[in-house]
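To keep things clear, I will list the structure first and then write my remarks on it.
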Amino acid sequence: MSVNDWVTLGLIAFGVFFMLVADIGLNRMPDLYTRMHATSKATTLGITSLLLAAAVHFGTPEAITRSLLVVLFFFITAPVGTHVLARAAYFRKIPRWRGTVLDELVGHYDPETHELESYEESVSEAGLQEHRHPAS
Amino acid sequence: MSQLLNGVLLILFIAMGLCFIRLLRGPSLADRVVALDQIAVHTVALATVYCIAVEQVVFLDVAMVAALLSFLGTIAFARYLEHGRDV
């Protein structure tokens, strides 16, 4: 096996390791928000190193451009998708883990229009105090 | 090399099975959407490793399309979760 093959295999092993870790986290974490935190490792580290492995293995311009395009696409869409989903779950009042200590969004979302209030409004209302989650 | 990559594909399939456990267990709809998103990520990973295993660059296009579709699916599900039927 050449150096190229070894680099490819190393990147694949790295990526698959993180995919597995993310799946174990998806099953073991206590609530939705921590599960989303676990799965984001698979999309960033896992997929990126697998696609880089493909780019290193082929080494042709078409393979490299396609790999980097997919990586770029994941880096743009993964935070957007995670944010939209977490936001929807927050409005749905999906139960949190009982060990959650801080919810900084309490009272800052308009329940009717689903709009986040501006920084000036929150300063004038609360004086920047911390909102504690009732469970703590 | 080819034997090793077959093993990697097997590991990825097992990892995908772990996602299906979360998809079945729930408990909320949002958890299932997260699991579905994760399954789509695994599809992209499988397509990438497969394209290395069979030496065909064409399968990278499959990965690209799977990534696009999974993003649209997640956004649509999230909109439905947030606004209900009147999206």
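Letters A, B, ... mirror the listed sequences (proteins, then strands); counts begin at 1.
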- With only heavy atoms counted, which part of A:Val84 is less than 4.5 Å from chain B, the side chain, the backbone, both or neither? both
- Toward chain B, the part of A:Ala53 with a non-hydrogen atom under 4.5 Å: both
- Query: Would A:Phe58 and B:Val58 show up in the same hydrophobic cluster when neighbours are defined by side-chain heavy atoms closer than 4.5 Å?
  - Reply: no
- Of the listed B:Cys19, B:Ser28, B:Ala67, the one with the largest count of heavy-atom pairs under 4.5 Å with chain A is B:Ala67
- Item | Under 4.5 Å from any heavy atom of chain A - which part of B:Ile21 | both
- Query: What about B:Val62 and B:Phe71, same hydrophobic cluster or not, with Ile/Leu/Val/Met/Phe/Trp/Tyr joined at side-chain heavy-atom distances under 4.5 Å?
  - Reply: no
- Message: At a 4.5 Å cut-off on heavy atoms, which part of A:Leu32 comes close to chain B: side chain, backbone, both, or neither?
- Response: both
- Message: Is A:Ile47 in contact with chain B via its backbone, its side chain, both, or neither, using a 4.5 Å heavy-atom distance?
- Response: side chain
- Should A:Val80 and A:Leu85 be counted in the same cluster of Ile, Leu, Val, Met, Phe, Trp and Tyr side chains packed under 4.5 Å apart? no
- Query: How far apart are the closest heavy atoms of B:Gln38 and A:Leu26, and which atoms are they?
  - Reply: CG-CD2, 4.1 Å
- Query: What option among A:Glu62, A:Met19, A:Arg35 has the most heavy-atom pairs under 4.5 Å with chain B?
  - Reply: A:Arg35
- Spell out, yes or no, whether A:Phe75 and B:Leu72 are grouped together once hydrophobic residues are joined by side-chain heavy atoms under 4.5 Å, including indirect joins. no
- Message: Checking an interface table here. Which of residues 38-46 of chain A come within a heavy-atom distance under 4.5 Å of chain B?
- Response: A:Thr39, A:Ala42, A:Thr43
- Query: Please walk me through it: do B:His83 and A:Phe91 pass side-chain contact (heavy atoms from CB on, under 4.5 Å)?
  - Reply: CA-CA 9 Å; B:His83 298 285; A:Phe91 281 119; over 6 Å; no
- Go through the atoms of B:Val65 and report whether side chain, backbone, both or neither lie under 4.5 Å from a heavy atom of chain A. neither
- Message: If you compare all heavy atoms of A:Arg66 against all heavy atoms of B:Met64, which two are closest, and at what distance to 0.1 Å?
- Response: CG-CE, 3.9 Å
- Query: At a heavy-atom separation under 4.5 Å, does B:Val41 approach chain A through its side chain, its backbone, both, or neither?
  - Reply: both
- Message: Which residue in the set A:Arg92, A:Arg87, A:Lys93 passes salt bridge (Lys or Arg N to Asp or Glu O under 4.0 Å) when paired with B:Glu82?
- Response: A:Arg87
- Residue from B:Asp37, B:Leu12, B:Asp61 scoring the most non-hydrogen pairs under 4.5 Å with chain A is B:Asp61
- Query: Heavy-atom distance under 4.5 Å to chain A: side chain of B:Leu68, backbone, both or neither?
  - Reply: both
- Query: Pick from B:Val49, B:Leu4, B:Thr74, B:Leu60: which one has the most heavy-atom pairs with chain A under 4.5 Å?
  - Reply: B:Leu60
- Query: When rounded to the nearest 0.5 angstrom, what distance separates OG1 in B:Thr48 from CG in A:Leu50?
  - Reply: 6.0 Å
- Item | Heavy-atom pairs under 4.5 Å with chain B, option from A:Thr82, A:Asp31, A:Ile12, A:Thr60 with the top count | A:Ile12
- Please name the pair of heavy atoms, one in A:Ala88 and one in B:Leu81, separated by the smallest distance, quoted to 0.1 Å. CB-CB, 3.8 Å
- Item | A:Leu69-A:Leu11 co-clustered via ILVMFWY side chain contacts under 4.5 Å | no
- Query: In terms of heavy-atom pairs under 4.5 Å, which option from B:Ala30, B:Gly17, B:Ser70 contacts chain A the most?
  - Reply: B:Ala30
- Students should find that the hydrophobic cluster of A:Ile76, defined by side-chain heavy atoms under 4.5 Å apart, otherwise consists of A:Leu72
- Item | Max heavy-atom pair count under 4.5 Å with chain A, selected residue of B:Ala45, B:Pro27, B:Ala35 | B:Ala45
- Task: Would you check, one step at a time, whether the test side-chain contact (heavy atoms from CB on, under 4.5 Å) holds for B:Val8 with A:Leu9?
- Result: CA-CA 10 Å; B:Val8 167; A:Leu9 275 182; 5.7 Å; no
- More than 12 heavy atoms of other groups within 6.0 Å of B:Tyr50 OH: no
- Checking side-chain contact (heavy atoms from CB on, under 4.5 Å) for the pair A:Asp23/B:Met16: CA distance, chi angles, key distance, verdict? CA-CA 8 Å; A:Asp23 286 329; B:Met16 209 176 191; over 6 Å; no
- Query: Based on non-hydrogen pairs under 4.5 Å, which of A:Val16, A:Asn27, A:Leu20 is most in contact with chain B?
  - Reply: A:Asn27
